[in-house]
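Only this structure's heavy atoms are used, side chains among them; waters, hydrogens and symmetry mates stay out. Note that the numbering runs from 1 along the sequence shown for the chain. Only a predicted model underlies this, so the values are computations on that prediction, with no experimental measurement involved.
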Amino acid sequence: MGYALITGASSGIGSELARLFAADGHDLVLVGRREDLLDRLATELESDFRVKAVVMPLDISLLNAPKLIYERVSSKEGYLKYLVNNAGFYVHGPFTETDWEAEAQLIHIQCLNHTRLTKLFLPGMIKAGAGGILNVGSTGSFVPGPASWFH
């Protein structure tokens with residue numbers, strides 16, 4: 001049936017998406033920073049849904065993260081049917097006061113690395129004639145909120 005790879009799978013929307021894919025019988029590659037939460041989720045999904053859940057503890061903000069994920073999945077886990085680009089976070093506060101390193105990390109995760117994962121995995125999906133990519137986002141990125149204006 002092929003694997004579903006989910007970034008940001010250790011909590012929130014990512015772990016819920018993993019449960020949905022597992023309920024549909026898909027084996028999983030769970031990517032996230034918190035290995036203990038990923039291990040717990042993998043154990044739960046394997047027990048409840050009788051699927052295989054591979055844990056990849058990795059900070060997806062690292063520039064080489066997509067390549068590491070692709071190499072592991074391509075060489076060891078088999079066919080990737082679904083890619084779920086879910087990992088992300090938000091930087092709070094007035095732009096003039098927020099931390100540049102946090103913003104750079106956000107850009108690496110939500111723009112560069114999700115795009116790179118798509119670029120790496122999409123050709124295999126096209127070749128197989130099957131698969132899908134889900135890019136998870138928030139409408140919050142399109143509307144102003146507290147501390148989002150220039151001070």
Side-chain angles (χ1 to χ4, degrees), residues 1-93 98-99 101-143 145-146:
M1 181 176 270
Y3 279 81
L5 186 149
I6 302 169
T7 66
S10 55
S11 65
I13 293 170
S15 62
E16 293 305 315
L17 287 169
R19 286 180 181 89
L20 292 172
F21 276 95
D24 285 343
H26 296 283
D27 292 328
L28 302 161
V29 177
L30 306 172
V31 180
R33 290 176 294 127
R34 295 174 286 183
E35 187 172 9
D36 59 326
L37 295 177
L38 292 174
D39 286 338
R40 196 173 317 143
L41 178 61
T43 300
E44 170 196 326
L45 298 176
E46 289 177 338
S47 172
D48 291 354
F49 301 105
R50 300 182 190 266
V51 296
K52 181 179 179 186
V54 176
V55 170
M56 280 194 72
L58 183 64
D59 183 346
I60 197 154
S61 72
L62 301 173
L63 217 42
N64 66 339
K67 186 176 179 194
L68 294 172
I69 293 167
Y70 179 76
E71 288 172 352
R72 163 114 187 243
V73 171
S74 297
S75 67
K76 296 182 182 174
E77 308 310 336
Y79 169 62
L80 185 75
K81 187 166 186 182
Y82 296 104
L83 171 62
V84 180
N85 288 316
N86 170 71
F89 67 97
Y90 182 71
V91 177
H92 299 277
T98 53
D99 177 59
E101 293 304 320
E103 290 163 348
Q105 201 174 31
L106 180 144
I107 292 165
H108 281 142
I109 292 172
Q110 295 174 195
C111 297
L112 297 176
N113 286 356
H114 284 168
T115 302
R116 181 71 175 134
L117 281 171
T118 301
K119 188 94 167 156
L120 290 167
F121 284 110
L122 183 59
M125 293 176 184
I126 292 171
K127 184 178 179 182
I133 298 169
L134 173 62
N135 292 313
V136 178
S138 169
T139 58
S141 65
F142 298 105
V143 296

Self-check item: Minimal non-hydrogen separation, Thr7 against His114, with atom names
Solution: OG1-NE2, 3.4 Å
Quiz item: Under the side chain to side chain contact (heavy atoms under 4.5 Å, CB included) criterion, do Leu5 and Met56 qualify, and how do the steps go?
Solution: CA-CA 10 Å; Leu5 186 149; Met56 280 194 72; 5.6 Å; no
Practice problem: Give a yes or no answer on whether the side chain of Ser15 reaches the backbone of Ser10 with a donor-acceptor pair at less than 3.5 Å. | Solution: no
Practice problem: Please confirm whether the backbone N or O of Lys52 pairs with a side-chain atom of Asp27, one donor and one acceptor, at under 3.5 Å? | Solution: yes
Quiz item: Which heavy atom of Pro123 sits nearest a heavy atom of Thr118, and at what distance?
Solution: CD-O, 4.4 Å
Exercise. Measure up the Tyr82 and Phe21 rings against each other and bin them: parallel (under 30°), tilted (30 to 60°), perpendicular (over 60°).
Key: tilted
Quiz item: Quick one: CG on Asn135 to CG on Asn85, what's the gap to the nearest 0.5 Å?
Solution: 4.5 Å
Practice problem: Output, in order, the C-alpha distance, side-chain angles, deciding distance and verdict of side chain to side chain contact (heavy atoms under 4.5 Å, CB included) for Leu134 and Leu17. | Solution: CA-CA 10 Å; Leu134 173 62; Leu17 287 169; 4.2 Å; yes
Quiz item: Looking only at heavy atoms, which two atoms of Ala4 and His26 are closest? And how far apart?
Solution: CB-CB, 4.5 Å
Exercise. Return each pair, listed once, that meets side chain to side chain donor-acceptor pair (under 3.5 Å) where at least one residue sits in residues 101-110; pairs must be two or more places apart or across chains.
Key: Ser61-Gln105, Thr98-Glu103
Quiz item: Looking at CG of Leu122 and CG of Leu80, how far apart are the two atoms once the value is rounded to the nearest 0.5 Å?
Solution: 10.5 Å
Exercise. Show the numbers, then the answer: is there a side chain to side chain contact (heavy atoms under 4.5 Å, CB included) between Leu106 and Phe89?
Key: CA-CA 7 Å; Leu106 180 144; Phe89 67 97; 3.6 Å; yes
Quiz item: Where is the tightest heavy-atom contact between Arg116 and Pro66, given as atom of each residue plus distance?
Solution: CG-CB, 3.5 Å
Quiz prompt | Closest heavy-atom pair and its distance - Leu45, Ala22 | solution = CD2-CB, 4.0 Å
Exercise. Kindly check if the number of other-residue, nucleotide or ligand heavy atoms within 6.0 Å of CG (Leu112) is above 12?
Key: yes
Self-check item: Leu120 side chain reached by Ile69 side chain, heavy atoms, under 4.5 Å
Solution: no
Practice problem: Would you indicate whether Tyr70, at its atom OH, is surrounded by more than 12 heavy atoms from other residues, nucleotides or ligands within a distance under 6.0 Å? | Solution: no
Practice problem: Determine the minimum heavy-atom distance between Leu63 and Asn113, stating which atoms define it. | Solution: O-OD1, 3.9 Å
Quiz item: Atom OG in Ser11, atom CZ in Arg33: separation rounded to 0.5 Å?
Solution: 8.5 Å
Quiz item: So, the side chain of Ser75 versus the backbone of Glu71: is there a donor-acceptor pair under 3.5 Å, distance only?
Solution: yes
Quiz item: Are the side chains of Val29 and Arg72 in touch, meaning some heavy atoms are under 4.5 Å apart?
Solution: no
Practice problem: Find the distance between CG (Leu58) and CG (Asn64) and round it off to the nearest 0.5 Å. | Solution: 7.5 Å
Quiz prompt | Polar side-chain atom of Asn86 near backbone of Ile6 as donor-acceptor pair, under 3.5 Å | solution = no
Quiz item: Are Val136 and Val84 side-chain neighbours, meaning at least one heavy-atom pair lies under 4.5 Å?
Solution: yes
Practice problem: Please name all residues satisfying salt bridge (Lys or Arg N to Asp or Glu O under 4.0 Å) with Arg19, sequence neighbours left out, ordered by chain then number. | Solution: Glu16, Glu44
